[in-house]
Structures are given as structure tokens and as C-alpha cells.
**Student:** 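Have a look at the structure that comes next, please.
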There are 2 protein chains.
Amino acid sequence: MGITTKELAKICGVSRTTVHRALTDTGRINPQTKDAILKAAKDYDYRPDLLARGLVKGQTFYIGVIVLDVNNRYFAQMLNAIEMEARKHGYFINIALHENNKAMEKEQIIRLADYRVDGMILSSVNQGQEYKDFLNSFDIPIVTIDNKVAEGIPFVGIKEREAAREAVRRILEKGYEKMVFVCPPLSDRYKENIYVHEQRLEGFNEAMRQYPDREAVVIDKKDNLKLCAGQLEDSKRTAFFCSGDIFALELMKYLKSKGLASPADYGIMGFDNIDTLEYVTPRLSTIDNSAEQVATTAVNLLFELINKEKTETKRILDFAIVEGETITAQAET
Amino acid sequence: MGITTKELAKICGVSRTTVHRALTDTGRINPQTKDAILKAAKDYDYRPDLLARGLVKGQTFYIGVIVLDVNNRYFAQMLNAIEMEARKHGYFINIALHENNKAMEKEQIIRLADYRVDGMILSSVNQGQEYKDFLNSFDIPIVTIDNKVAEGIPFVGIKEREAAREAVRRILEKGYEKMVFVCPPLSDRYKENIYVHEQRLEGFNEAMRQYPDREAVVIDKKDNLKLCAGQLEDSKRTAFFCSGDIFALELMKYLKSKGLASPADYGIMGFDNIDTLEYVTPRLSTIDNSAEQVATTAVNLLFELINKEKTETKRILDFAIVEGETITAQAET
DNA sequence: TTGAAAGCGCTAACAC
DNA sequence: GTGTTAGCGCTTTCAA
């Protein structure tokens, strides 16, 4: 690396402490010596070793971000927003992926802690009391997003249940006779954190209860494309409500290969409003859960925790229904 | 944080060196004392301070990754691949965005260097001799991707020119009478690194020269959607060749709003083969530049440089033309 | 206004 | 086998 304060001190004929004072502009110091030191620092292109500084100050100005993977549009949008918001505060980010693997998530968190990040933002696949204890065992502020780990852990999310309920209501108002809720296997609770999907399912069920004349189906199997397609075999007017845009897109693609298109043959609604949708026809109806807003809110909450400002540790944001072209009123006969 | 080697030493009644030996499994040590130390380490949940280790070893096991932003599909795919490949080698990544801002790119690089990353992967907006000197002023290996900064700087990319040439040839074989090459403003050379676009343009020109009977148009203006649409006003059979899928998608969207669709009204080809295309109809013809492969190649090249293995510092990968539905043979009259 | 000395937590050279 | 000592580059008392 470059030059150190020690060498600068020798060059300027002063002590390291004086150099430090000049560089950090603290304490009393003779303006002339200060100028001389600053000039030398510039000439020799001095730059502080951030590791050393972090070691002694116990603060690195890094926040760790742990998510599933970056390939997912939702996380990519999130990440971008987190980086920008963090940078505004003079912080940088350290990204770690857990690939939906509980053990890997733990390892990544441990490593980030060992690297002394000042805080973390975590989209967890783990949950429960035991994991809560694990997270609390670090004396580092951690803000969770998307999936709730447990009560008491700082969390930023949206009103998942209300969003689902509202969406289903709107769909049913359009006269669909059958509603199919599609999500990842809920029985995988022991394998991953399916908090958001459970919440959305609850919202779905709540809304369906108010329309007892309509048929409700839940598909949470692994290989669900075929199962979904099967739902279209009766003559009922059917709509799919997918817990995630990606899955909605996959389903539309699959159904298209079978010669079926929305909105003519089926209704479909997603969740997330990922930006891929801009380019897809027909425009998918979906729910905007404002990844960017969740991201910036999480970062700001994290900073409040880092700075030990007293603060509410739970922030639930609003959602917005995005009317696309895949949910339509009953066609005239 | 947790317990330190110093405290462990006191607990076990040995010196710090012995603790270190037990922990790192180096040097001669009595198996019994070792076991005792390891047990204590476990009981007290000892974990090494990675900052301190990095400081003394001069190695952090981090690589810095500097890209435009993560929202771009291409970079997201890239990043994911980089993270995974790095992790395989026991390394982690530190992400920094430059947002197409030359100065910010420099700042980010400096900061990563100050944090003593062991190497960097850089998709640069800068270029030229001066910048080359800047990069070389760090004694940290840096591998550039996408855009070439200057000869002599380690670089991983694909055969951009050949790819463009081949693509144009294939398009022309389908009988299109007019070819429009679309890319960002090439006059912005002073503002950003437009290396890949220049390469592709060259390939375009080379191919066009072999078909003197066809009309060639280049559009590299900022607000080019309208200009592109204007190209369809004559009655010629026209194909667009866009230097980037995103722009192709934007153009298709725009033209659709004007009531024009591919392949009936125009041909269009992209570049990158981003995964968004999977969900878009019609399937865009494009060129696969294998973001993942570039990523893993770059990481591996970087490790060779870090480990000072003698190595070629330039790796140019192959491309593949992806036949979609937006380039078709002349319709029968 | 300046400097000496100690310490962050780890590793490494050398002596016993 | 084990311990002593020194050092990475920075910050922070405390004393002059």
C-alpha cells in the first residue's frame, strides 16, 4: 500500500500524533505544521488504512446485506436502493447470498459479524425463537425485511395480508367463479421462511370467505404448473393469484405453450410489481410492494439503531394494486 | 464483540501464541493443551476478528466489484455469478456502484483499495492511458470486464465485433433491405466508456460493406425512439440491430404503442440475452454474451493474478447467436 | 502546541 | 512444546 502516518511523521519531522491531528483536523495544532503535513500527505498520496481504523474504532462504515440471490428482480431492485441510501450516509455495503439455505445464511451472518459490519439487513429464510436468539447474540443491529423472523426483531415489510385480501376482492368483483392461489410449498416451513406466502394466503382466505359462492383452490406444490393448467379444464371462469410475479410469468408462459392466453382464457394476478413486467404483454395485474421503499426504510431504521436513537423497530408500509390487463370483467356473451 | 485470544489465553493458562497455534492448527503443540483450548474456544464462542487478521496478514479475502448498477439485468446476472465463484474460493465480495459517473468510479476504487480488498473486478466507464496509470497505481490486481480501459489492463470480454458482424450477416440473409444500428451516443466518449458499442458498430459496418445494395443507418442519439420509428416510414423491409436487449425491449414497446409489431412490421435483434427475454413475446432474437461465463472467467483470472501465477491477462470468450422470432425470412407476397 | 506510550486483536520470528 | 517480543497502521489518553 501507500505511505503511513508513521512515515509521514518522519518526513515532516513531527510525531505520529501530530500527523493524526492534522489529518483529522482535531485538537490544537499549529496552522503551519498542519499545512506542511497536509501538503506532504498530498504529495505522497497518503490514504488511511481503513482496516486499521476500523480495528481501533470498532466501526467500519459497512453494512452487510444478506439476501437469497441477486438474480431475482425483486432483490436486485432492493439492493440497488440499499446501496444508494447507504452511500448517502457514508456507508458501504457488503453483499452475501444465502441461496435459500438456512445454514449458509447463518454462516454469512457470522462472517459479516466477524468483519465487524456496523449493521445488517437481512432477508431471512430462518425463523423462530432459536434464530431470534442467534441474531441477538451479536451485538450488531440487524433489520429484517420481507420475512419476519420473530416478534421483537426489527422488521420492515408491507401489509401482505391486507394486500392479498384487497386484490382478491377486486378480482372477484370482476365475476371470476374460481380463484386459485399459487405459492411455494407451505409445508416447507422447516426448510425456509415462507412468512409472506402464509400472510398472503390468509388474506386470500379471508376474502374468499366473503364470497361463499365462488370456488377457492390453493396450490402450493413444488411442480405446480401442470396442476394450475388442470384447473382450467372445467368451464368455470378462473383467475390465478400468484404469490410472486416471477411465478405468474412462468405460468403465463406455460399456459401460452398450451394455447391459452390471458385475459381471454384465464385471469391472473401477480405480486411484487417487478420491473420486468414493463416489457411483458399482456400487462400483468399485480401488487406493488415498493421494493425501493422497503429498502430505504430498512436502511434508515438500521441507522437509527446503529446510532442508538430510540425508535420503533417495526415499520409496515403500504401497498398499491396495479391494474394490468390480465384481470377483466366478465366478457359479454 | 466476543472473546479474544488474549482472554482465551488467560482462561486456559497459556500464552496467546499457544492459543493461536491451537486455533490455526499450525506448529507443534501438545494435543491435550490443544484440545483444552479448542474446547474453551467453543465454550466461549470464540471467533477471530477478521479486521485484525486482515491488518496483519495484508489480505482480506475480499474482492471489490464495481459496476454501473445492479438494476440492470446484465449486471445482476454477472454479480450473482461472481459472488458464487468467489465464494467457492473462500472469498467474498464488496459491491460498489458507479452509476455511470467517472468520478464516482474512481472514488469507489480508492475506497475499496483503502479497505484492502485483495482484488477488483471492474466494469469501467473510464478509459485511456491516464486511467490505466490510475489503476496501476494500486498494487492490487484489477480485472476489467465489458469495457476495455486500455491495452495491458487485464480484461475479459467477448468477441463483440465478430458477434455483431455475424448477426448482421444473418439478418441480411433474411432479405431485409434496410438495417438500423441503434446504440447510445458515441460522441459521449468523453463521458463514458462506449467500447463495446464501438466494437459492435465496427462489426455492423464490416458486414454492411459486403451487402452494398442494402441501406445502412446508424442511430446513436440520446432520444432515439422516435428516430427509430421514423425509419419505418418508407416502405423498405427494415431491421433494427440494438446494442443491448434493454433498448430493443424499449423500442418494441414504443413501436407497439404506435401499432407496429415484429416480425410483421419490422425485424429486430438485441444483444446480451438477458433473462427477461424468457417472458417477452415475441421472443427477441439476440446474441448471448454469457454474462455468467464472463463473470467466472474474470474471477478466475483475478485469482491467478492474486496468486501471482503467470498468466495471460486477456481472455476473449465466444458468443452465440440466439434465434428468436423477431428476424424472419421475407414474407411471401 | 506537541509527543510518548499504550492499545485495538491478530500473526510471526525467535528463543527457551 | 511453549512463551516472549515485536509489529500491522491507526487512535487515544495523558503528560510535557
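Reminder, nothing fancy here: chain letters follow the sequence lines and each chain counts from 1. Everything numeric here is computed off the predicted structure, so don't read it as measured data.
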**Student:** Please identify each residue that fulfils side-chain contact (heavy atoms from CB on, under 4.5 Å) with A:Val196, with sequence neighbours left out.
**Tutor:** A:Asn147, A:Glu160, A:Arg200
**Student:** At 10 degrees resolution, what angle do the end axes of the helix from C:dT1-D:dA16 to C:dC16-D:dG1 form when each is taken over five base pairs?
**Tutor:**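 Inter-axis angle at the ends, rounded: 40°.
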**Student:** With a 4.0 Å heavy-atom cut-off, tell me which residues in residues 32-44 of chain A come close to DNA chain D, sorted by residue number.
**Tutor:** none
**Student:** Using a 4.0 Å heavy-atom cut-off to protein, can you give one letter per nucleotide of nucleotides 10-15 of chain D, 5' to 3': B if the base is in contact, S if only the sugar-phosphate is, - if neither?
**Tutor:** BBB---
**Student:** List in chain and number order the residues that pass side-chain hydrogen bond (donor to acceptor under 3.5 Å, both in side chains) with B:Tyr46, two or more places apart in sequence or in another chain; answer none if no residue qualifies.
**Tutor:** none
**Student:** Identify, with sequence neighbours excluded, every residue that meets ring pair (Phe, Tyr, Trp, His ring centres under 6.0 Å) alongside B:Phe303.
**Tutor:** B:His89, B:Tyr91
**Student:** Tell me which pairs pass ring pair (Phe, Tyr, Trp, His ring centres under 6.0 Å) where either residue lies in residues 125-147 of chain A, with sequence neighbours left out.
**Tutor:** A:Tyr131-A:Phe134, A:Phe134-A:Phe138
**Student:** Scan residues 71-86 of chain A for pairs that pass salt bridge (charged side-chain N to carboxylate O under 4.0 Å, His left out), counting only residues two or more places apart or in two chains.
**Tutor:**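 Every salt bridge (charged side-chain N to carboxylate O under 4.0 Å, His left out) pair that includes a residue of residues 71-86 of chain A, provided the two are not neighbours, is A:Arg73-A:Asp275, A:Glu83-A:Arg87, A:Glu85-A:Lys88.
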**Student:** Which residue pairs satisfy the salt bridge (charged side-chain N to carboxylate O under 4.0 Å, His left out) criterion with at least one member in residues 19-37 of chain B, sequence neighbours excluded?
**Tutor:**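 Qualifying pairs: B:Asp25-B:Lys34.
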**Student:** Nearest whole Å is fine: how far is C:dT11 C1' from B:Arg116 CZ?
**Tutor:** 14 Å
**Student:** Mind checking if A:Ile29 touches a base, just sugar-phosphate, or nothing, with heavy atoms under 4.0 Å?
**Tutor:** sugar-phosphate
**Student:** Anything under 30° is parallel, anything over 60° is perpendicular, the rest tilted; go ahead and classify A:Tyr195 against A:Phe155.
**Tutor:** perpendicular
**Student:** Which pairs count as salt bridge (charged side-chain N to carboxylate O under 4.0 Å, His left out) when at least one residue sits in residues 295-305 of chain A, sequence neighbours excluded?
**Tutor:**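 Salt bridge (charged side-chain N to carboxylate O under 4.0 Å, His left out) check on residues 295-305 of chain A returns A:Glu304-A:Arg315.
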**Student:** With sequence neighbours excluded, what pairs up with B:Lys148 under the salt bridge (Lys or Arg N to Asp or Glu O under 4.0 Å) test?
**Tutor:** B:Glu151
**Student:** Atom CG of A:Leu23 and atom C1' of D:dG9: how far apart are they, to the nearest Å?
**Tutor:** 12 Å
**Student:** For A:Lys132, what residues pass the side-chain contact (heavy atoms from CB on, under 4.5 Å) criterion, not counting sequence neighbours?
**Tutor:**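 So A:Lys132 forms a side-chain contact (heavy atoms from CB on, under 4.5 Å) with A:Gln129, A:Asn136, A:Ala150, A:Ile153.
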**Student:** Does a donor on one side chain sit under 3.5 Å from an acceptor on the other, for B:Ser124 and B:Asn193?
**Tutor:** no
**Student:** Within this structure, what is the CG-to-P distance between A:Asp114 and C:dC10, rounded to whole angstrom?
**Tutor:**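 Between P of C:dC10 and CG of A:Asp114: 10 Å.
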**Student:** Round to a whole Å and report the spacing from CZ of B:Arg28 to C1' of D:dG1.
**Tutor:**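 Going from CZ in B:Arg28 over to C1' in D:dG1 covers 7 Å.
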**Student:** Any side-chain N or O of B:Thr18 under 4.0 Å from OP1/OP2 of D:dG3?
**Tutor:** yes
